[in-house]
Protein chains: 2
Amino acid sequence: MFSQSCKYAIRAMFLVAQRSSEGRFVGIKEVAEGLDAPQHFIAKILQDLSKRGFITSAKGPKGGFLIDVNQRNTTLYDLVLAIDGNKLITSCCLGLKDCSEKNPCPVHNDFKPIRKKIHSMLDNTKVCDYNDELAQSVFYLKDAGIGPITN
Amino acid sequence: MFSQSCKYAIRAMFLVAQRSSEGRFVGIKEVAEGLDAPQHFIAKILQDLSKRGFITSAKGPKGGFLIDVNQRNTTLYDLVLAIDGNKLITSCCLGLKDCSEKNPCPVHNDFKPIRKKIHSMLDNTKVCDYNDELAQSVFYLKDAGIGPITN
DNA sequence: AAAATAGAAGATATAAAGGTCTTTTATTAT
DNA sequence: ATAATAAAAGACCTTTATATCTTCTATTTT
């Protein structure tokens, strides 16, 4: 459904949205630990999101990432679109380049309502929508597990 | 959504279902041309589908692939499950390993009905359901295009 | 000003997916 | 029997996605 980068991006945005909501910057190490994800990979993704204006960054001590008042309106669809492009919503799920109303693949019509649902769901969810649930551990951004056994 | 192999598999099954419906075997070259897809790659996929019992194969002249009476009941979900596994339907779309009712990710609940819809759609579509539409060119299995300009 | 902190940037490595090529085996028609 | 046909099998190559590592630059605190 989403690329790994995109999954991390969404989770990272949820996390930074929640933890930066009182104004402090959230360090990249904290983000990586909070998601149980590879730090340098997360760094790359956040840098990209920062270039695109979805997140604010600051270097140096007390630096990190923050989602400001305007950025709180970012939707999941904005993120998916920026990272994975619009293929999930617009392109043929059987891989035809010119699948359309006029030239439909066999499942074109069946998938239309599904696509629409995915799109509206992503479009109606903002990165700060679950700040409270995350703070109260109603929702999670990483696995609870005790971690892999490293013999 | 689906891997490339899975997309080709679905298209190939639709094509073989339609063209073998009068009892003749459809050669691999014919399948590849009918889908405008790489022949050896399609071969690999069809051999796999044959091992799994979704399609019947015959070697030698007049050989090829055929979907018999029992195999006509194969659904798209059967194919997706065999090739891509159940991750599309069951695994967390944000990549959490133990995302569940008890440990939900922020979008767990939002995606539940979407997953259900995808699953039922795939489960209710059989490989021979569009034989007529394919024969009458109401639905297509390859792009209409004039092909790339090969300077 | 110096040291410590932390993001920015880019090169490199690894793994998986996608695709190609060659050889082998089985079948049918002559 | 022989030749032609077509799938089976597996080695190999290419590309992309994922992940890591190192160096550089900016900022803050002392």
Side-chain angles (χ1 to χ4, degrees), chain A residues 1-12 15-16 19-20 23-67 80 82-85 87-88 94-95 148, chain B residues 1-12 16 19-20 24-67 80 82-85 87-88 94-95 148:
Chain A
M1 198 117 191
F2 306 127
S3 70
Q4 189 59 43
S5 299
C6 193
K7 293 176 193 172
Y8 282 145
I10 292 172
R11 284 161 64 197
L15 185 139
V16 175
R19 298 203 190 181
S20 71
R24 77 177 175 95
F25 283 84
V26 186
I28 210 161
K29 216 181 281 184
E30 183 181 346
V31 177
E33 278 165 14
L35 304 180
D36 194 20
Q39 180 180 331
H40 293 290
F41 194 26
I42 293 295
K44 215 185 249 181
I45 292 165
L46 289 183
Q47 281 157 28
D48 180 55
L49 292 174
S50 158
K51 268 185 214 152
R52 294 173 189 275
F54 292 127
I55 202 169
T56 302
S57 76
K59 285 185 175 183
K62 298 280 172 187
F65 297 89
L66 173 142
I67 283 166
V80 172
I83 296 171
D84 285 350
K87 63 180 192 301
L88 176 65
L94 295 187
Chain B
M1 198 116 193
F2 306 126
S3 69
Q4 189 61 43
S5 299
C6 193
K7 293 177 192 172
Y8 281 145
I10 292 171
R11 285 160 64 195
V16 175
R19 298 203 190 181
S20 71
R24 76 176 174 96
F25 283 83
V26 185
I28 210 162
K29 215 181 279 184
E30 183 180 345
V31 177
E33 277 166 14
L35 304 180
D36 194 22
Q39 180 180 332
H40 294 288
F41 193 27
I42 293 295
K44 215 186 248 181
I45 292 164
L46 288 183
Q47 282 158 28
D48 180 55
L49 292 174
S50 159
K51 269 185 212 151
R52 294 173 188 274
F54 292 128
I55 202 169
T56 302
S57 75
K59 286 184 175 185
K62 298 280 172 188
F65 297 88
L66 173 142
I67 283 166
V80 172
I83 296 170
D84 285 349
K87 62 182 194 298
L88 175 65
L94 295 187

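Below, read A as the first sequence line, B as the second, and so on, with proteins coming before strands; counting in each chain starts at 1.
Taking five base pairs at each end of the helix from C/dA1-D/dT30 to C/dT30-D/dA1 and finding the rotation axis that steps the C1' atoms of four pairs onto the next four gives two axes whose angle is 0°, to the nearest 10°.
Taking the side chain to side chain donor-acceptor pair (under 3.5 Å) definition, one finds that A/Glu30 meets it with A/Arg19, A/Arg24, sequence neighbours left out. Listed by chain and residue number, nothing satisfies the salt bridge (charged side-chain N to carboxylate O under 4.0 Å, His left out) test with B/Asp36 (two or more places apart in sequence, or in another chain). The side chain to side chain donor-acceptor pair (under 3.5 Å) check on B/Glu33 picks up nothing, with sequence neighbours excluded. Not counting sequence neighbours, the partners of B/Ser3 by the side chain to side chain donor-acceptor pair (under 3.5 Å) test are B/Asp84. Here B/Tyr8 pairs with B/Phe41 under the ring pair (Phe, Tyr, Trp, His ring centres under 6.0 Å) rule; sequence neighbours left out.
Residues of residues 25-35 of chain B having a heavy atom closer than 4.0 Å to DNA chain C: none are found.
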In 5'-to-3' order, the base (B), backbone-only (S) or no-contact (-) status of each nucleotide in nucleotides 21-30 of chain C, using a 4.0 angstrom heavy-atom cut-off, is BB--BSBB--

Throw together a table of side-chain donor-acceptor distances under 3.5 angstrom for residues 53-64 of chain B, partners on residues two or more places apart or in other chains.
from, atom 1, to, atom 2, distance (Å)
B/Thr56, OG1, B/Gln71, OE1, 3.0
B/Thr56, OG1, B/Gln71, NE2, 3.1

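Annotation: the span from A/Ile67 atom CD1 to A/Ser20 atom OG amounts to 5.5 Å, rounded to 0.5 Å. The distance from atom CD of B/Gln4 to atom CD1 of B/Ile45, rounded to the nearest 0.5 Å, is 8.0 Å. Atoms CD1 and OG, on A/Ile10 and A/Ser5 in that order, are 11.0 Å from each other to the nearest 0.5 Å.
At whole-Å resolution of the value, CD1 in A/Ile55 and P in C/dA6 are 16 Å apart. B/Ile45 places its CD1 atom 13 Å from the C1' atom of C/dT20, with the value rounded to the nearest Å. The distance from atom CG of A/Leu46 to atom P of C/dA9 is 13 Å, rounded to the nearest whole Å.
Considering every non-hydrogen atom in both B/Leu88 and A/Met1, the closest pair reads CD1-SD, 4.5 Å.
Sorted by first then second residue, the side chain to side chain donor-acceptor pair (under 3.5 Å) pairs that include residues 39-49 of chain A, not counting sequence neighbours, are A/Asp48-A/Arg52.
Taking every nucleotide of DNA chain D with any atom under 4.0 Å from a non-hydrogen atom of chain B, the first and last of them, 5' to 3', are D/dT5 to D/dA11.
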Would B/Leu46 and B/Ser50 count as a side chain to side chain contact (heavy atoms under 4.5 Å, CB included) here? Give the steps. CA-CA 6 Å; B/Leu46 288 183; B/Ser50 159; over 6 Å; no

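Across all strands shown, A/Gln4 has heavy atoms under 4.0 Å from sugar-phosphate atoms exclusively, and none from any base. Within the 4.0 angstrom heavy-atom criterion, no nucleotide atom of any strand lies near B/Lys7.
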